[in-house]
Amino acid sequence: MKVNKDSDCRQENFIVQILRIIDNLWLKNNLDLKLMTYKVFPIDLNVGYVEYIYSSNLYNIKISSGVGGTLDREIIIKHLRCTSSDDASSSYELTFNEKTDNFIKSLAGYCVVTCVFGVANRITKNLLIKNNGIF
């Protein structure tokens, strides 16, 4: 997916590389927090390519549930129950408990990382949940 204007793909690429390093450190210490990174290819200052991730964003999940305010945990639970793991990286169906485990671990990992680095993104259209539950 081509990105331009408002995004600095060089900065995006740097953050994704740091996420990979942190994930590798955690994995070496037997802590799999299901961090998922994506490919970023900066071309110029404000132009580049970002890998498309098959997922649902929290904004659409919230709107499809008829909620206009804060996202409730019951909406996430309903979403995890209703989704199938039919994306390209999965050849089998995960159970609800496996999806929930993926969601909790990945949410915990991203909460720690974003807190440490001071990332503040409150735009729910940028927050994604894959069909396998990974945040």
Side-chain angles (χ1 to χ4, degrees):
M1 174 170 75
K2 186 176 179 183
V3 177
N4 59 23
K5 296 252 179 174
D6 299 328
S7 298
D8 184 347
C9 284
R10 297 170 307 162
Q11 182 179 22
E12 187 89 11
N13 189 38
F14 177 70
I15 295 299
V16 168
Q17 287 176 9
I18 288 177
L19 284 174
R20 286 186 188 126
I21 291 168
I22 291 170
D23 189 37
N24 284 333
L25 288 171
W26 282 340
L27 288 170
K28 285 180 184 177
N29 289 286
N30 297 321
L31 183 61
D32 185 3
L33 293 180
K34 307 290 184 186
L35 292 188
M36 190 205 71
T37 58
Y38 48 90
K39 295 177 179 102
V40 179
F41 184 70
I43 296 174
D44 198 1
L45 179 62
N46 293 322
V47 178
Y49 292 90
V50 176
E51 178 184 9
Y52 183 81
I53 305 296
Y54 293 96
S55 57
S56 302
N57 66 46
L58 287 182
Y59 178 80
N60 287 343
I61 294 169
K62 185 171 69 168
I63 295 302
S64 68
S65 298
V67 176
T70 306
L71 189 65
D72 186 83
R73 73 183 183 101
E74 295 300 324
I75 295 170
I76 299 290
I77 290 170
K78 180 181 174 185
H79 175 74
L80 293 176
R81 285 191 195 283
C82 294
T83 56
S84 61
S85 298
D86 58 359
D87 59 25
S89 64
S90 178
S91 60
Y92 65 95
E93 181 68 30
L94 295 175
T95 67
F96 173 73
N97 288 339
E98 290 171 320
K99 291 179 189 180
T100 303
D101 187 59
N102 284 345
F103 180 76
I104 291 169
K105 287 178 179 178
S106 60
L107 182 61
Y110 284 113
C111 284
V112 170
V113 169
T114 56
C115 180
V116 168
F117 289 104
V119 176
N121 191 348
R122 294 178 294 262
I123 302 170
T124 55
K125 289 183 180 180
N126 292 341
L127 304 175
L128 307 174
I129 301 175
K130 291 183 56 115
N131 286 345
N132 62 6
I134 292 178
F135 181 73

(Q) Apply side-chain contact (heavy atoms from CB on, under 4.5 Å) to residues Trp26 and Val113 and explain how you reach the verdict. (A) CA-CA 12 Å; Trp26 282 340; Val113 169; 3.7 Å; yes

**Q.** Side-chain (Asp32) to main-chain (Lys34) donor-acceptor, under 3.5 angstrom
**A.** yes

Q | Atom of Leu35, atom of Ser106 and distance for their closest heavy-atom approach | A | CD2-O, 4.4 Å

Q: Could you grab the distance from atom CG of Asn131 to atom CG of Leu94, nearest 0.5 Å is fine?
A: 9.5 Å

Q: Could you grab the distance from atom CG of Leu80 to atom CG of Asn97, nearest 0.5 Å is fine?
A: 10.5 Å

Q) Which salt bridge (Lys or Arg N to Asp or Glu O under 4.0 Å) pairs, counting each pair once, include a residue from residues 14-31, with sequence neighbours left out? A) none

(Q) On a heavy-atom basis, which atom in Ile129 and which in Ser55 lie closest, and how many Å separate them? (A) O-CB, 3.4 Å

Q | Co-membership, hydrophobic cluster, residues Leu27 and Ile18, 4.5 Å side-chain | A | no

Q: Can you see which heavy atom on Ile134 is nearest to which on Asn102, and at what distance?
A: CG1-CB, 3.9 Å

Q.
Quick check: do Ile77 and Phe103 have side-chain heavy atoms less than 4.5 Å from each other?
A. no

Q | Leu128 side, atom CG; Leu58 side, atom CG - distance, nearest 0.5 Å | A | 7.5 Å

Q) Can you name the nearest heavy-atom pair linking Asn13 to Val40, along with the distance? A) OD1-O, 3.5 Å

Q. Do Ile22 and Val116 share a hydrophobic cluster, counting only Ile, Leu, Val, Met, Phe, Trp and Tyr and linking them when any side-chain heavy atoms are less than 4.5 Å apart?
A. yes

Q: Measure the NZ-CD1 distance between Lys78 and Ile61 for me, rounded to the nearest 0.5 Å.
A: 11.0 Å

Q: Kindly check if the number of other-residue, nucleotide or ligand heavy atoms within 6.0 Å of CZ (Phe14) is above 12?
A: no

Q) Say you draw a straight line from CD1 of Ile21 to CG of Asn24; how long is it, rounded to the nearest 0.5 Å? A) 8.0 Å

Q) What closest approach, in Å, do Tyr38 and Val16 show between heavy atoms, and which atom pair accounts for it? A) O-CG1, 3.2 Å

Q: Report the C-alpha separation of Lys130 and Lys99 in whole Å, then their side-chain angles, then the decisive distance to 0.1 Å, and conclude whether the side-chain contact (heavy atoms from CB on, under 4.5 Å) test is met.
A: CA-CA 9 Å; Lys130 291 183 56 115; Lys99 291 179 189 180; over 6 Å; no

**Q.** pair Tyr54-Asn132: side-chain heavy atoms closer than 4.5 Å
**A.** no

(Q) Are Ile76 and Ile104 connected into the same hydrophobic cluster when the rule is that any two of I, L, V, M, F, W, Y join if their side-chain heavy atoms are below 4.5 Å apart? (A) no

Q: To the nearest 0.5 Å, tell me how far Leu107 CG sits from Leu127 CG.
A: 9.5 Å

Q.
Can you give me the closest heavy-atom contact between Tyr110 and Thr37, atom names plus distance?
A. OH-N, 4.4 Å

Q) Thinking salt bridges, do Glu74 and Arg81 make one under a 4.0 Å N-O criterion? A) no

Q) Do other residues, nucleotides or ligands put more than 12 heavy atoms under 6.0 Å from Gln17 CD? A) yes

